[in-house]
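The structure appears right after this line, and notes come after that.
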Amino acid sequence: MPELPEVEVTRRGIAPHLVGRTIAAVTVREPRLRWRVSRAVRSLAGLTVRAVGRRGKYLLIDCGAGHLIVHLGMSGSLQWVDAQAQPGRHDHLDLVIAGGAGNRCVLRLRDPRRFGAVLWTAAAPSSHRLLRHLGVEPLSQRFDGAYLHALVREQRMAIKPLLMDARRVVGVGNIYASESLYLAGIRPQTPAAKLSRARTARLADAVRKTLRAAIRAGGSSLRDYVDGHGGLGCFQTRTRVYDRAGEPCRRCGASIRRIVQNQRATYYCPRCQR
DNA sequence: CCGACAACCTGTGAGC
DNA sequence: TGCTCACAGGTTGTCG
């Protein structure tokens, strides 16, 4: 589910109600996520949240003494709920906020597939083993045509899997990789190194535009994606190629193709993308 | 360095 | 209706 835009929408949704507040308790109903939720996570009561950041698809909740690192995996979502709201089968963890005797003082993690993660680190998050090797943020100043051109140099692999490689560029998942390549008019199978300077510039621009548009739209809403307040994203209704195999290209009418690259489905228009 | 593949899980939709 | 199968937004780790 969540790629960079969904994580960013979630971050913006939860930050205002989390920053400056104190954690009353962490309730773990199911510790078996991607990695077992540690004892440290359960004992954060009393800490005050200073900020909620993001690195790639990781949410970073700054608690002063350390950071909670949250990853939503394939099917995770965070939502504010009432203290008395009954947890469902896949509601694995609650962050209970102090002083909120009123409504919506529980930040609840739901993750049916349990590919997500909740970790605690006392050190700088950037030095954590999961974040240490992450590549450039596509919405940062650094990421432009020149940077991307340097990244693809001498790379024989296809451009789509390269775009999805978090060691090079973070946050671009399966949906937005296909969407960005469509917007840039580039075939997903193109060997990365064969892209000209001009085309990498177009692609960098397309990635930024695609991610920004998705954030503006409130994130994607395949299946049950919800933002921090339970609102549904609406990017799905606007995909150009993703999950549209056999349907006509919205620009030229050609039949959208589905291929498989690195075990992931890729969609593209055979006429608009060369 | 690369790609291929399995693994970690549950839910959904298609087809019979 | 009910069964089986393929597939799903992510990431790690192993192997050739």
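Order of the sequence lines sets the chain letters (A, B, ...), proteins ahead of strands, with each chain counted from 1. Please read all numbers here as calculations on a predicted model, not as lab measurements.
- Side-chain atoms of A/Ile175 lie closest to C/dG9 of the nucleotides C/dG10, C/dG9, B/dT10.
- What separates NE2 of A/His90 from C1' of B/dG11 is a distance of 8 Å, to the nearest Å.
- The shortest distance between the side-chain N/O atoms of A/Arg89 and the OP1/OP2 oxygens of B/dG11 is below 4.0 Å.
- Computed from coordinates, the A/Glu30 CD to B/dC9 C1' distance equals 11 Å when rounded to whole Å.
- The SG atom of A/Cys269 sits 12.0 Å away from the CZ atom of A/Arg250 when rounded to the nearest 0.5 Å.
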Reading nucleotides 11-16 of chain C 5' to 3', which nucleotides get B (base under 4.0 Å from a protein heavy atom), which S (sugar-phosphate only), which -?
BSS---
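- Take A/Lys209 and apply the salt bridge (Lys or Arg N to Asp or Glu O under 4.0 Å) test, not counting sequence neighbours, and it matches A/Asp205.
- In this entry the distance linking CE of A/Met74 with P of C/dG10 reads 6 Å, nearest Å.
- Every pair passing salt bridge (Lys or Arg N to Asp or Glu O under 4.0 Å) that includes a residue from residues 124-141 of chain A is listed here, sequence neighbours excluded: A/Arg54-A/Glu137, A/Arg55-A/Glu137.
- For B/dC9, its base never sits under 3.5 Å from the side chain of A/Arg114 at any donor and acceptor pair.
- Panel note: side chain A/Gln273, backbone A/Ile186; a donor-acceptor pair is recorded below 3.5 Å.
- For residues 25-52 of chain A, the set of pairs meeting the salt bridge (Lys or Arg N to Asp or Glu O under 4.0 Å) definition, not counting sequence neighbours, comprises A/Arg29-A/Asp94, A/Glu30-A/Arg32.
- Although no hydrogens or angles enter the test, the distance criterion places no donor-acceptor pair under 3.5 Å between the side chain of A/Ser255 and the main chain of A/Pro248.
- B/dC8 has A/Phe115 stacked on its base ring, the centres lying under 5.5 angstrom apart and the planes within 30 degrees of parallel.
- Taking atom P in both B/dC5 and C/dA6, the straight-line distance is 15 Å, to the nearest Å.
- Scanning for side chain to side chain contact (heavy atoms under 4.5 Å, CB included) contacts around A/Ala192 gives A/Val152, A/Gln155, A/Ile159, A/Leu162, with sequence neighbours left out.
- OP1 or OP2 of C/dG9 sits under 4.0 Å from a side-chain N or O of A/Tyr242.
- Per the geometry, CZ belonging to A/Arg113 stands 12 Å off C1' belonging to B/dA7, to the nearest Å.
- In this view, A/Tyr268 satisfies the ring pair (Phe, Tyr, Trp, His ring centres under 6.0 Å) rule with no residue, not counting sequence neighbours.
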Strictly under 3.5 Å: I want the nitrogen or oxygen pairs between protein and nucleotides 1-4 of chain B, one per line.
| unit_1 | atom_1 | unit_2 | atom_2 | d |
| --- | --- | --- | --- | --- |
| B/dC2 | OP1 | A/Gln155 | OE1 | 2.5 |
| B/dC2 | OP2 | A/Arg168 | NH2 | 3.4 |

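- A/Thr22 is linked by a side chain to side chain contact (heavy atoms under 4.5 Å, CB included) to A/Thr48, A/Ala98, counting only residues two or more places apart in sequence or in another chain.
- For the strand DNA chain C, secondary-structure stems (runs of at least three Watson-Crick or G-U pairs, all distances below 3.5 Å) span B:2-8 with C:10-16, B:10-16 with C:2-8.
- Distance A/Asp243 CG to C/dA6 P: 18 Å, rounded to the nearest Å.
- Listed by chain and residue number, A/Tyr58 satisfy the ring pair (Phe, Tyr, Trp, His ring centres under 6.0 Å) test with A/His71 (two or more places apart in sequence, or in another chain).
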Identify every side-chain donor-acceptor pair in residues 118-126 of chain A under 3.5 Å, counting partners at least two apart or on other chains, and give the distances.
| unit_1 | atom_1 | unit_2 | atom_2 | d |
| --- | --- | --- | --- | --- |
| A/Thr121 | OG1 | A/Ala123 | N | 3.3 |

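- Whole-Å rounding puts the A/Lys160 NZ to C/dG9 C1' distance at 11 Å.
- Residue pairs meeting the salt bridge (Lys or Arg N to Asp or Glu O under 4.0 Å) criterion with at least one partner in residues 157-168 of chain A, sequence neighbours excluded, are A/Asp165-A/Arg168.
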